[in-house]
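What follows is one structure encoded as structure tokens, with my remarks underneath.
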Amino acid sequence: MNQEWRKQIEETAVLNLGQVLEGEELDYFRNMFDTDRSDYRYFWRAYGHHQVANYDALITTPRFDELIRHPRILPVIEELMGGPVCFGEIGLRYMGPYDGQLHRGWHRDKPHLPDHPLRMDYIQLMVYLTDVDESTHCISFSPESIDQPVLKDQQAQLDRGGIYDLHGPAGTCALFNVAALHTATTRPTISERKTVQIYYGHRDRAPLANDSGIPATLWRDHPDAETRAFYGVLNQRTKLYMAAFGN
């Protein structure tokens, strides 16, 4: 990872990797998204403001592991986090055309981790599968530096950091500290937004949440020990499935 990337996330809590996915590879993951949405519609549910999402994508379409552990992205995540990471969750999200008012629901997903050099407990990978610009829905951040005190008051953070809208062509990927103030920005548009949003954590920390089940084929039965370790931080959702379905 180059020093400019490191400086970017230290100063803003966000790292725009640019258009990582292009051509056939972009088509491959976008078709995977579309097929999941059409074939497993009963897994998709209303989520947030003007969104539908599938957070059990590893169950409906296990091949999303190829994006979760993408060879050009995962090493950057491991370097930022300071070592081997674990899977937290994956969300496929769809936002359709919209004729309502501009909407932002600012929030922080997790508290900061003070002992980490980047104050980062969990990191999120945002993958744009459609073009995103000032005329479409996007993700927005209020940038903050690791040298600045954490402001719990949202308006104080917005006054200090302002708003950064992440734009880019389909295939754009970004990483950010989930403790940073952020939101989906919903604006009047005729365009769709399709995203994959993946969380990664430290293997010695508690699970992120209970949104995504982890298949036993990955955390228990996979022949590769590193794969089992990556998927081995089990949340309660996964443990409940284990209890319900047994071996």
Side-chain angles (χ1 to χ4, degrees), residues 1-18 20 48 55 68-70 72-91 93 104-128 138-168 172-185 195-212 229-235:
M1 183 176 63
N2 62 55
Q3 290 304 306
E4 185 59 36
W5 277 5
R6 182 82 185 192
K7 181 180 178 183
Q8 184 183 143
I9 199 164
E10 287 178 348
E11 294 181 350
T12 67
V14 183
L15 173 56
N16 185 348
L17 298 173
V20 176
Y55 270 75
I68 292 169
R69 295 190 293 161
H70 194 286
R72 295 197 303 278
I73 302 174
L74 186 58
V76 180
I77 293 171
E78 291 175 329
E79 186 171 345
L80 292 173
M81 291 286 275
V85 295
C86 67
F87 171 76
E89 69 181 30
I90 178 172
R93 295 204 205 178
R104 288 186 169 115
W106 293 103
H107 63 283
R108 302 179 188 271
D109 292 337
K110 296 276 285 185
H112 292 76
L113 186 60
D115 295 337
H116 188 271
L118 296 173
R119 308 190 297 193
M120 195 151 55
D121 195 0
Y122 270 80
I123 188 171
Q124 186 185 137
L125 167 63
M126 165 65 76
V127 182
Y128 282 164
C138 70
I139 190 170
S140 303
F141 307 91
S142 184
E144 62 179 42
S145 166
I146 58 172
D147 298 323
Q148 294 174 321
V150 176
L151 300 179
K152 293 184 179 180
D153 182 78
Q154 291 187 4
Q155 191 56 55
Q157 171 57 44
L158 290 167
D159 290 342
R160 182 181 71 181
I163 298 174
Y164 164 56
D165 293 334
L166 178 70
H167 296 154
T172 294
C173 296
L175 299 168
F176 67 94
N177 184 352
V178 303
L181 196 65
H182 63 283
T183 181
T185 292
T195 60
V196 183
Q197 301 175 217
I198 307 165
Y199 288 76
Y200 307 79
H202 303 282
R203 292 185 185 178
D204 60 347
R205 300 280 293 168
L208 170 73
N210 289 303
D211 292 321
S212 296
F230 176 82
Y231 283 107
V233 179
L234 304 182
N235 58 20

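Just the heavy atoms: all of them, side chains too, but no hydrogens, waters or symmetry mates, feed the values below. One is the number of the first residue; the rest follow in order along the sequence. These numbers come from a predicted model, not from an experiment.
Here the shortest heavy-atom pairing between Tyr200 and Tyr122 reads O-CD2, 3.1 Å. In this structure, Ala180 and Ala13 approach most closely via the heavy-atom pair CB-CB, 3.8 Å. Across all non-hydrogen atoms, the minimal contact from Cys86 to His202 is SG-O, 3.7 Å. The shortest heavy-atom contact between Asn16 and Gln8 is N-OE1, 2.7 Å. Nearest heavy atoms, Thr183 versus His107: CA-CE1, 4.1 Å. Scanning both residues, Ile9 and Leu175, for their nearest heavy atoms gives CD1-O, 4.4 Å.
Between atom CZ of residue Arg69 and atom CD of residue Glu78 there is a gap of 10.5 Å, rounded to the nearest 0.5 Å. In this structure, Gln124 CD and Asp109 CG are separated by 6.5 Å, a value rounded to the nearest 0.5 Å. Note that OG of Ser140 is 10.0 Å distant from OH of Tyr164, once rounded to the nearest 0.5 Å. To the nearest 0.5 Å, atom CG of residue Asp165 and atom NE2 of residue His167 are 4.5 Å apart. Between the CG atom of Leu125 and the OG1 atom of Thr195 there is a distance of 10.5 Å, given to the nearest 0.5 Å. To the nearest 0.5 Å, atom OH of residue Tyr128 and atom CD1 of residue Ile139 are 6.0 Å apart.
Taking the six-membered ring for Trp and thresholds of 30 and 60 degrees, Phe141 and Phe176 have ring planes more than 60 degrees apart, a perpendicular arrangement.
Looking at His116, its side chain does come within 3.5 Å of a backbone N or O of Met81 through a donor-acceptor pair. Ser145 contributes a side-chain N or O that, together with a main-chain N or O of Asp147, makes up a donor-acceptor pair within less than 3.5 Å. Checking side-chain atoms of Arg119 against main-chain N and O of Leu113 turns up no donor-acceptor pair under 3.5 Å. A donor-acceptor pair is defined here as one N or O able to donate and one able to accept, closer than 3.5 Å; such a pair exists between the side chain of Arg72 and the backbone of Val20. No donor-acceptor pair under 3.5 Å is formed between the side chain of Asn235 and the backbone N or O of Leu208. Remark: the backbone N or O of Asn177 is not paired with any side-chain donor or acceptor of His182 at under 3.5 angstrom. Not one N or O on the side chain of His112 forms a donor-acceptor pair closer than 3.5 Å with the backbone of Pro114. Gln157 places no side-chain N or O within 3.5 Å of a backbone atom of Gly162 that could act as its donor or acceptor partner. Judged by distance alone, the side chain of Gln154 and the main-chain N or O of Trp106 form a donor-acceptor pair under 3.5 Å.
Using a cutoff of 4.0 Å between basic side-chain nitrogens and carboxylate oxygens, Arg160 and Asp153 are not scored as salt-bridged.
Remark: Gln3 CD is loosely packed, at most 12 non-hydrogen atoms of other residues, nucleotides or ligands lying under 6.0 Å away.
Residues Leu80 and Arg6 meet the side-chain proximity criterion, which asks for heavy atoms closer than 4.5 Å. At least one side-chain heavy atom of Thr185 sits less than 4.5 Å from a side-chain heavy atom of Cys138. Side-chain atoms of Ile163 and Leu158, non-hydrogen and from C-beta on, do get closer than 4.5 Å to each other.
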- Query: Stepwise, does the side chain to side chain contact (heavy atoms under 4.5 Å, CB included) test hold for Val85 with Phe230?
  - Reply: CA-CA 6 Å; Val85 295; Phe230 176 82; 3.9 Å; yes
- Query: Going through the distances and angles, do Tyr199 and Ser212 end up as a side chain to side chain contact (heavy atoms under 4.5 Å, CB included)?
  - Reply: CA-CA 10 Å; Tyr199 288 76; Ser212 296; over 6 Å; no
- Evaluate the side chain to side chain contact (heavy atoms under 4.5 Å, CB included) criterion for residues Val76 and Leu15: first the C-alpha distance (whole Å), next the side-chain angles of each, then the deciding distance (0.1 Å), finally the verdict. CA-CA 10 Å; Val76 180; Leu15 173 56; 4.2 Å; yes
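His70 is linked by a ring-ring contact (aromatic ring centres under 6.0 Å, His included) to nothing, counting only residues two or more places apart in sequence or in another chain.
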